[in-house]
Amino acid sequence: MVERELLARFSSKPPVGECLIDAALADIMLPFNERTASRSAIQLPRGSVLPVPPGKKARLFLHWCQPENGGRSDLDLSVAFYDEQWHFRGVCSYYQLTCKGSDGSIIATSAGDLTDAPFPDGASEFIDLDCDLARQNGVRYAVAVLNNYSGMPFEDLEHAFAGLMFRDDVQGAHFDPRTVALRFDLAGTNGVFLPMVFDLQENQLHWLDLYAPGGFEFNNVETSTATISAVCPAMIAYFASSIRMSMYHLALLHGAARAQRVILRGDGTLRALSRHEGEDNASFLARLRRWNPQDVDNAPVMHEAPLFAALLDADIALPENSIVYALRPGVSAATIAASDLIS
């Protein structure tokens, strides 16, 4: 019923000759009730999954600044480690600046604990995570935790944000904007954020964007591990259950309703499926979901006319006046937001 309604709604939009879709959007959730979501540099809906580049070091960062006449505020950045069964394996935090694996190797290091962020420079905390070493030491999940330990609410600070860099090494400048993969603002009252979980076995990052005002009745990761080990796997399982539609499936609906040909991009290749003469939208959608090899053009040439594109990364030049949704900006500018794809 909902699918028929969406096909009918999208078919009333301007038709396009071609629709280009990134297969990787299957891991990006459709935005739903995102009023509580953290404002971020890329609009990543809660429950989405991003690939973790192999061989890279992860550097998590936290920055905050008190107002010019504001009181002292202490924010803390921690990473908690769990095995495949979500048994606690260790922590890197303000009270334990290094976390060692079972073989004695250092899997995570904190740059130190700052308890004051005076105007105008503020304060920054960093944690470096060696994903490969952690995995070799039996760690599967690494959970980032941001805690407003004491002081002003997030929303009353001059600014407060956190994020993640993927780096080839951990030398040089602490902050390198070229390596930033994710950045998000901290808002709300005093509380605790669980923004993301690294699955080191699958090389994936689960964006959970969970916030608990006042905390989970705890002041550090070690005393909260029971809550973390219950909430995080439950949220990951919920979003993996396909209860929520992905951006990929929404883009397929647009392609079936508006395009004569849909081009799928994934694993460095392009493949295309064309609408049969007289084929209705529902039948075309069914074929787009199957991608039967006998129907597929495995060496499609993109036309020069404007098209509709739904991309994870806008790293491809597209014809002028194309309609573009892109999670991450790049060569081509996004012209619509995720919410525009639903309306």
Side-chain angles (χ1 to χ4, degrees), residues 6 9-10 13-32 34 37-53 56 161 163-166 177-185 195-196 203-207 209 239 244-273 288 300-343:
L6 289 175
R9 182 189 303 178
F10 297 159
K13 293 180 176 293
V16 292
E18 291 182 327
C19 176
L20 174 64
I21 301 173
D22 269 346
L25 289 178
D27 290 325
I28 306 301
M29 294 294 103
L30 181 68
F32 177 75
E34 296 289 297
S38 301
R39 190 176 66 181
S40 57
I42 63 171
Q43 296 303 307
L44 188 61
R46 186 178 284 119
S48 297
V49 180
L50 292 175
V52 174
K56 297 280 189 178
F161 59 85
L164 168 69
M165 294 175 268
F166 287 120
R178 297 170 300 177
T179 66
V180 173
L182 194 60
R183 177 197 177 281
F184 52 94
D185 291 340
M196 66 188 87
N203 282 326
Q204 292 178 329
L205 184 151
H206 295 266
W207 176 247
D209 194 15
F239 288 113
R244 294 268 300 274
M245 183 183 290
S246 72
M247 292 299 295
Y248 170 75
H249 290 104
L250 183 66
L252 280 188
L253 287 168
H254 275 270
R258 305 170 62 185
Q260 293 302 308
R261 186 171 75 148
V262 174
I263 301 172
L264 186 65
R265 186 173 71 153
D267 297 326
T269 64
L270 297 176
R271 50 187 176 135
L273 204 62
L288 287 171
V301 176
M302 291 176 54
H303 300 155
E304 296 182 1
L307 50 73
F308 172 90
L311 307 174
L312 182 72
D313 292 292
D315 55 359
I316 182 174
L318 298 174
E320 190 176 355
N321 297 321
S322 290
I323 304 167
V324 183
Y325 162 77
L327 182 69
R328 292 191 286 234
V331 175
S332 296
T335 62
I336 57 173
S339 57
D340 298 318
L341 294 173
I342 309 171
S343 61

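Hydrogens, waters and symmetry mates play no part in the numbers below; they use all other heavy atoms, side chains included. We number each residue from 1, following the sequence as shown.
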**Message:** Any heavy-atom pair between the side chains of M302 and L20 that's under 4.5 Å?
**Reply:** yes
**Prompt:** Are M247 and P31 close enough that some pair of their side-chain heavy atoms sits under 4.5 Å apart?
**Reply:** yes
**Request:** Compare all side-chain heavy atoms of L264 with those of L270 and state whether any distance is below 4.5 angstrom.
**Result:** no
**F166 to A181 - nearest heavy-atom pair and separation** = CD1-CB, 3.7 Å
**Item:** Minimal non-hydrogen separation, F10 against I342, with atom names
**Value:** CE2-O, 4.0 Å
**Message:** Any side-chain to backbone donor/acceptor pair from S332 onto A314? Under 3.5 Å, distance only.
**Reply:** no
**Item:** Salt-bridge criterion met for D313 and R265 (N-O under 4.0 Å)
**Value:** no
List the atom pairs, with distances to 0.1 Å, where a side-chain N or O of residues 316-324 and a protein N or O form a donor-acceptor pair under 3.5 Å, not counting sequence neighbours.
unit_1	atom_1	unit_2	atom_2	d
S322	OG	L307	N	3.1
S322	OG	P319	O	2.7

**Message:** Would you compute the distance between atom CG of L341 and atom CG of L6 and round it to the nearest 0.5 angstrom?
**Reply:** 11.0 Å
**Asked** Short question: side chain of H206, backbone of S48 - any donor-acceptor pair under 3.5 Å?
**Response** no
**Asked** Measuring from M196:CE to L50:CG, what's the distance to the nearest 0.5 Å?
**Response** 9.5 Å
**Asked** Looking at side-chain heavy atoms only, is the closest gap between D185 and R183 below 4.5 Å?
**Response** yes
**Request:** Could you grab the distance from atom NE2 of H249 to atom CD1 of I21, nearest 0.5 Å is fine?
**Result:** 10.0 Å
**Request:** Take F239 and W207 through the test ring-ring contact (aromatic ring centres under 6.0 Å, His included) and record every step on the way to the result.
**Result:** CA-CA 10 Å; F239 288 113; W207 176 247; over 10 Å; no
**Message:** Is there a side chain to side chain contact (heavy atoms under 4.5 Å, CB included) between L182 and L44? Walk through the geometry before answering.
**Reply:** CA-CA 9 Å; L182 194 60; L44 188 61; 4.2 Å; yes
**Complete:** Smallest heavy-atom separation, A26 atom then Y248 atom, equals N-CB, 3.3 Å
**Prompt:** Just wondering, do P177 and M165 contact through their side chains at under 4.5 Å, heavy atoms?
**Reply:** no
**Prompt:** Are R178 and V180 close enough that some pair of their side-chain heavy atoms sits under 4.5 Å apart?
**Reply:** no
**Asked** Would a 4.5 Å heavy-atom cut-off, applied to side chains only, mark L25 and Y325 as touching?
**Response** yes
**Message:** Is there a side-chain contact between I263 and R271 in this structure, where contact means two heavy atoms from C-beta onward sitting under 4.5 Å apart?
**Reply:** no
**Prompt:** So, E18 side chain and H303 main chain: donor-acceptor pair closer than 3.5 Å or not?
**Reply:** yes
**Prompt:** Short question: side chain of R258, backbone of K13 - any donor-acceptor pair under 3.5 Å?
**Reply:** no
**Request:** Nearest 0.5 Å please: distance from the CE atom of M245 over to the CE atom of M29.
**Result:** 11.0 Å
**Request:** Calculate, to the nearest 0.5 Å, the distance between atoms CG and CG belonging to D22 and D27 respectively.
**Result:** 11.5 Å
**Nearest-0.5 Å distance that lies between atom CG in L273 and atom CG in L252** = 10.0 Å
**Request:** Search all heavy atoms of F308 against all heavy atoms of I336 and return the closest pair with its distance.
**Result:** CE1-CD1, 4.1 Å
